[in-house]
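Below is one structure, written out as structure tokens; the observations come after it.
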Amino acid sequence: MRLLTHNMLSSNIKGVTNGFPLRIEVEKVVEKEVDLNPDFLRSMFSKIDWKALVHAARSIGYSELPDEADPSMLDSDDFLSRFHHALLQLHLEEGVLICPETGRRFPVNKGIPNMLLHEDEV
């Protein structure tokens with residue numbers, strides 16, 4: 001699961017008001033090579049919750065993103081490279097996503113998060 005995906009996921013358990021961002025518990029992270037596409041990164045920047053991305057990246061062992069970012073940084077090749085690596089090349093292969101409100105654990109197996117809810121959570 002890419003951190004791009006993680007940035008878009010939230011816990012939808014009935015009654016949960018603070019289901020984002022999901023905490024990450026890592027078992028295995030892999031890096032997968034992806035071609036750098038600056039236009040894609042620029043278009044995605046405004047859709048990303050930066051604080052959540054930085055926290056997620058650090059939780060899987062990547063600390064090369066700045067604490068804060070603004071659109072002017074998209075002109076820097078170095079920034080684009082770091083943003084690209086965190087967003088698209090780091091994959092949570094095995095681990096758990098944890099609801100920040102309830103502590104409910106959603107497993108990630110073979111890079112696929114299982115966000116299915118139990119009957120009493122719907």
Side-chain angles (χ1 to χ4, degrees):
M1 178 192 72
R2 294 177 173 159
L3 293 187
L4 171 62
T5 303
H6 172 266
N7 205 268
M8 305 294 167
L9 290 176
S10 66
S11 175
N12 291 316
I13 296 172
K14 177 176 58 179
V16 167
T17 58
N18 182 28
F20 178 86
L22 297 166
R23 293 191 320 271
I24 298 175
E25 197 172 277
V26 177
E27 290 178 29
K28 180 181 177 184
V29 173
V30 297
E31 290 186 30
K32 298 182 181 180
E33 197 66 33
V34 177
D35 290 337
L36 179 73
N37 182 338
D39 292 333
F40 175 76
L41 294 172
R42 288 183 185 104
S43 71
M44 287 304 299
F45 182 79
S46 64
K47 297 171 180 69
I48 295 296
D49 182 307
W50 188 260
K51 185 177 177 182
L53 176 63
V54 169
H55 184 70
R58 289 181 180 160
S59 73
I60 66 171
Y62 185 70
S63 59
E64 300 299 316
L65 293 176
D67 289 337
E68 296 182 14
D70 64 73
S72 69
M73 298 171 86
L74 294 168
D75 294 329
S76 163
D77 289 342
D78 181 57
F79 175 77
L80 284 175
S81 177
R82 292 168 193 244
F83 181 33
H84 166 76
H85 186 69
L87 197 66
L88 300 172
Q89 292 185 317
L90 297 174
H91 290 249
L92 178 63
E93 194 68 15
E94 302 290 334
V96 178
L97 302 176
I98 303 168
C99 174
E101 187 174 317
T102 66
R104 166 74 149 77
R105 300 166 64 83
F106 299 96
V108 178
N109 296 308
K110 298 180 183 171
I112 301 169
N114 180 348
M115 301 295 293
L116 292 175
L117 299 176
H118 297 280
E119 194 171 307
D120 61 335
E121 297 173 322
V122 192

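Being a predicted model, the structure only gives us computed values, none of them experimental.
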ask   = Under the criterion side chain to side chain donor-acceptor pair (under 3.5 Å), which of Arg58, His55, Lys51 is the partner of Asp67?
value =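 Testing each of Arg58, His55, Lys51 against Asp67, the sole residue satisfying side chain to side chain donor-acceptor pair (under 3.5 Å) is Arg58.
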Are any side-chain N or O atoms of [X] and backbone N or O atoms of [Y], one a donor and one an acceptor, separated by less than 3.5 Å?
X	Y	result
Arg82	Glu64	yes
Glu101	Thr17	yes
Ser59	Ala56	yes
His84	Val34	yes
Trp50	Pro66	yes
Glu94	Lys110	yes

[X] and [Y]: same hydrophobic cluster, using ILVMFWY side-chain contacts below 4.5 Å?
X	Y	result
Ile98	Val29	no
Ile112	Val30	no
Leu116	Leu97	no
Phe20	Met44	no
Leu80	Phe40	yes

Atom pair [atom1]/[atom2] of [X] and [Y] - distance to nearest 0.5 Å:
X	Y	atom1	atom2	result
Ile24	Met1	CD1	CE	5.0 Å
Arg105	Arg23	CZ	CZ	9.0 Å
Cys99	Asn12	SG	CG	9.5 Å
His6	Met8	NE2	CE	11.5 Å
Leu74	Phe79	CG	CZ	5.5 Å
Arg2	Lys32	CZ	NZ	8.0 Å

task = Any chance you could lay out the side-chain contact (heavy atoms from CB on, under 4.5 Å) test for Leu117 and Lys14, step after step, and finish with the verdict?
result = CA-CA 9 Å; Leu117 299 176; Lys14 177 176 58 179; over 6 Å; no
With a 4.5 Å heavy-atom cut-off, do [X] and [Y] have their side chains touching?
X	Y	result
Pro21	Asp49	no
Leu3	Ile60	yes
Ile48	Leu4	yes
Val16	Glu121	no
Leu22	Ser10	no

task = Determine whether the side chains of Asp70 and Ser72 contain a donor N or O and an acceptor N or O closer than 3.5 Å.
result =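 A donor-acceptor contact under 3.5 Å links the two side chains.
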request  = Please lay out, stage by stage, how Leu87 and Leu41 fare under the test side-chain contact (heavy atoms from CB on, under 4.5 Å).
outcome  = CA-CA 9 Å; Leu87 197 66; Leu41 294 172; 4.1 Å; yes
request  = Under the side-chain contact (heavy atoms from CB on, under 4.5 Å) rule, what do Thr5 and Leu92 come out as? Steps first, then yes or no, please.
outcome  = CA-CA 10 Å; Thr5 303; Leu92 178 63; over 6 Å; no
task = Over all heavy atoms of both residues, which pair between Ser43 and Ser46 is shortest? Give the atoms and the distance, please.
result =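 So the minimum-distance heavy-atom pair works out to O-OG, 4.0 Å.
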